[in-house]
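First the proteins, then the strands, lettered A, B, ... as listed; each starts at 1.
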Protein chains: 2
Amino acid sequence: MIASEIEACQYGDEQRKGRAVSDTNSSKRPTIYDLAELVGTSPTAVSSVLNGSWKKRRISQKLADRVLKAAQEHGYTVNIQASVLRRDRSNIVGMILPKYDNRFFGAMAEQFETRAREAGLFPVITCTQRDPALELQAAREMLSYQVDYLICTGATDPDQITDLCRAAGVKTLNLDLPGTKAPSILSDNFTAARDLTRVILDACERDFGGGAPLMFIGGRSDDHNTRERRHGFLEAHKERGISVPDHLMITNGYAPEKARETLLKMADVPNGIFVNSTITLEGVVFWLRSLAPERAAQIRYGSFDWDPFGALLPQNVGMVRQDVSALLDLTFRTMKDGTEGNTMQLVPCQLEMPTV
Amino acid sequence: MIASEIEACQYGDEQRKGRAVSDTNSSKRPTIYDLAELVGTSPTAVSSVLNGSWKKRRISQKLADRVLKAAQEHGYTVNIQASVLRRDRSNIVGMILPKYDNRFFGAMAEQFETRAREAGLFPVITCTQRDPALELQAAREMLSYQVDYLICTGATDPDQITDLCRAAGVKTLNLDLPGTKAPSILSDNFTAARDLTRVILDACERDFGGGAPLMFIGGRSDDHNTRERRHGFLEAHKERGISVPDHLMITNGYAPEKARETLLKMADVPNGIFVNSTITLEGVVFWLRSLAPERAAQIRYGSFDWDPFGALLPQNVGMVRQDVSALLDLTFRTMKDGTEGNTMQLVPCQLEMPTV
DNA sequence: CAATCATGCTCCATCGGTTGAGCAGAAGCT
DNA sequence: AGCTTCTGCTCAACCGATGGAGCATGATTG
């Protein structure tokens, strides 16, 4: 449509104060009022054409076309702030995530975004550095954004967040680590840990003879997943009648440096090591590098969580790969159901073995 | 403050239609109107106390305390949508990012969030899967959120985004990959690639004797960084009087499968390989695993971008580690300066060598 | 004692989009 | 012709926070 075709303006320049016609060409973003003026119609008509409710509102195809064309030409984008402010639902889904520094959380973030978009929702992710204070701040921020739903991934204190959100009328879901006040979706840590432990025990038995307990390293003793994995670890030992002394169960955090220092200080590290995260594994392999080659060759380990390069390191005998797709399938299903309250769903993991 | 202390209400129940007193206890989020009613003051006073402008507006300490207490007790969080709608600046900074699946982008995302918060800004990140259409959609979405500034990381067509944003009066910055219409901040790809190539050539010379050209694999030939790295790669060869045949320069994308297939089909792969990204490296190491051990032992490689486990693989002789902190320092400085237009700043990389 | 100033608040328009209500004109029906 | 129904649109209130303007007080000054 060219300028001369514009119909008689029903909306004068002074309709909205301070908004002169020349503003239309300025660097400010065009609004539905600008488009209405350009096309010669009402802001309501423009809004309904642009948000898809125009058929319901009996706007003619002809007017719709003209509005769409003008919107296209002027690079119109809706102001979400204004839109959400008026509507009762924002269609924004939030996710809080501890870190972006490993494949598991990275995949969670990417797939969450993809799925949210597919469902016509706007994803907003923020990472909280495993810091409870930041988690709470992030949750508040998400509420400020008027999220319709909040997914708390690997949160250290999910119940606190659930309470905060419930007070604001926002439902939450706990992913990867469970809470007691909202639905929780997590991997079957016990089974996967038991199976991984079996694999490491098998490798040690094959290469060095059996009977010796493995070492468990990484994680926090107050963390549900660590507890489950310790449980699976001990179960696999019990099956073979091997008892594990306390000093081999080390859960002093996920940080690589902690693991490395612990191993360096330790008098005799067992041949087999169960590493509770890829982040901890970084510390373990760093320690390994500091050993004499013949000593390093006497080590076998496996880790919870998968990494493509970690999987190729020589002494690695297996990695637990969490099923991100399945976790997110369940998450979105639960979100759509609107399920609330303390439920828990477990998703099986895959065990990735060396390909050689 | 307990209920009986509430002063005479100057704001009756009917002040804002449909908002009954009982609503205060419902699951809807409290607004400044609710707090005003509870405390017995005006919404303006509440707003100014909560956003910190109360001293300037001459609100008494006593009233401020009462408002803050009520806000605390009722879990008030500001409605950003409403706040941003009214203000001229949103304090929201957007970042678009190709992927979350490697350490470089993961670190970029984490540090961006941290720095933005430190600067009192709200970070919003979205990932675009290296898809130009998604990049544009993501940029539009960011405009919808009223971002004050948009950082385009590794965008395939940054100029298009700059145009879109400029039309909306939003400044942009190109990070990691340059554009021609906004400031660009990126690593010194040429120098780092040349140095890495030297290291790989040295390793090959030491282990297998010199004179043979390396292979370059990964990336896209239309991508600025790939061109710079090819340039540095060729420069290091030229220094030693080695010429590189065209069939050893392979830039058919970053995907691991592509690299693997190419290597599988290739008649005689050189001993030394320059791998243009950690994602491509996944394909290379996968191929390596399929070789006979004695053949695999004849390979040396280095890669652009760093990965903690990749660095420990036996044939790896060096990794270029981009300086994420420095890149983001410059980014935030440039953002604050308000610099516009086609400028380019280069940041040196670190070269990580095997520690053994 | 009047004039001036500082203090401590409130009023109201506003940001941009959405939505229920309503209105004019055309078409259809009896 | 008089009635209803349908079509195609517009009006105006509203979402929640913000900030300029303004209005009572009480204190200070000439």
J.: Does a salt bridge link E135(B) with R140(B), judged by any charged N lying under 4.0 Å from a carboxylate O?
T.: no
J.: Using a heavy-atom cut-off of under 4.0 Å over every strand shown, decide if S83(B) touches base, sugar-phosphate, or nothing.
T.: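 Touches sugar-phosphate only.
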J.: If you take atom types as modelled and just measure distance, does the side chain of R57(B) reach the base of dT7(C) with a donor-acceptor pair under 3.5 Å?
T.: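 It does not, because no donor-acceptor pair links the side chain of R57(B) to the base of dT7(C) below 3.5 Å.
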J.: List the atom of I32(A), the atom of P43(A), and the distance in Å for their closest heavy-atom pair.
T.: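 Heavy-atom minimum between the residues: CD1-O, 3.8 Å.
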J.: So what does S47(B) hit on the nucleic acid, given a heavy-atom distance under 4.0 Å: a base, only sugar-phosphate, or nothing?
T.: base
J.: Go nucleotide by nucleotide along DNA chain C from the 5' end; which of R87(B) and I59(B) gets its closest nucleotide reached first?
T.: I59(B)
J.: L63(A) near the nucleic acid: base, sugar-phosphate alone, or nothing, with a heavy-atom cut-off under 4.0 Å?
T.: sugar-phosphate
J.: Any Lys/Arg nitrogen of D148(A) or K171(A) sitting under 4.0 Å from an Asp/Glu carboxylate oxygen of the other?
T.: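 Result for this pair is no, no salt bridge flagged.
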J.: At 4.0 Å (heavy atoms only), tell me whether R58(A) reaches a base, stays on the sugar-phosphate, or touches nothing.
T.: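 Result for R58(A) = base.
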J.: Need one value for D88(B): base, sugar-phosphate or nothing, where a base atom within 4.0 Å counts as base even if backbone is also close, heavy atoms only.
T.: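 Result for D88(B) = nothing.
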J.: Do the rings of F332(A) and F112(A) sit parallel, tilted or perpendicular, given the 30° and 60° boundaries?
T.: tilted
J.: If you assign each of A82(B) and T44(B) to its closest nucleotide in DNA chain C, which residue comes earlier from the 5' end?
T.: T44(B)
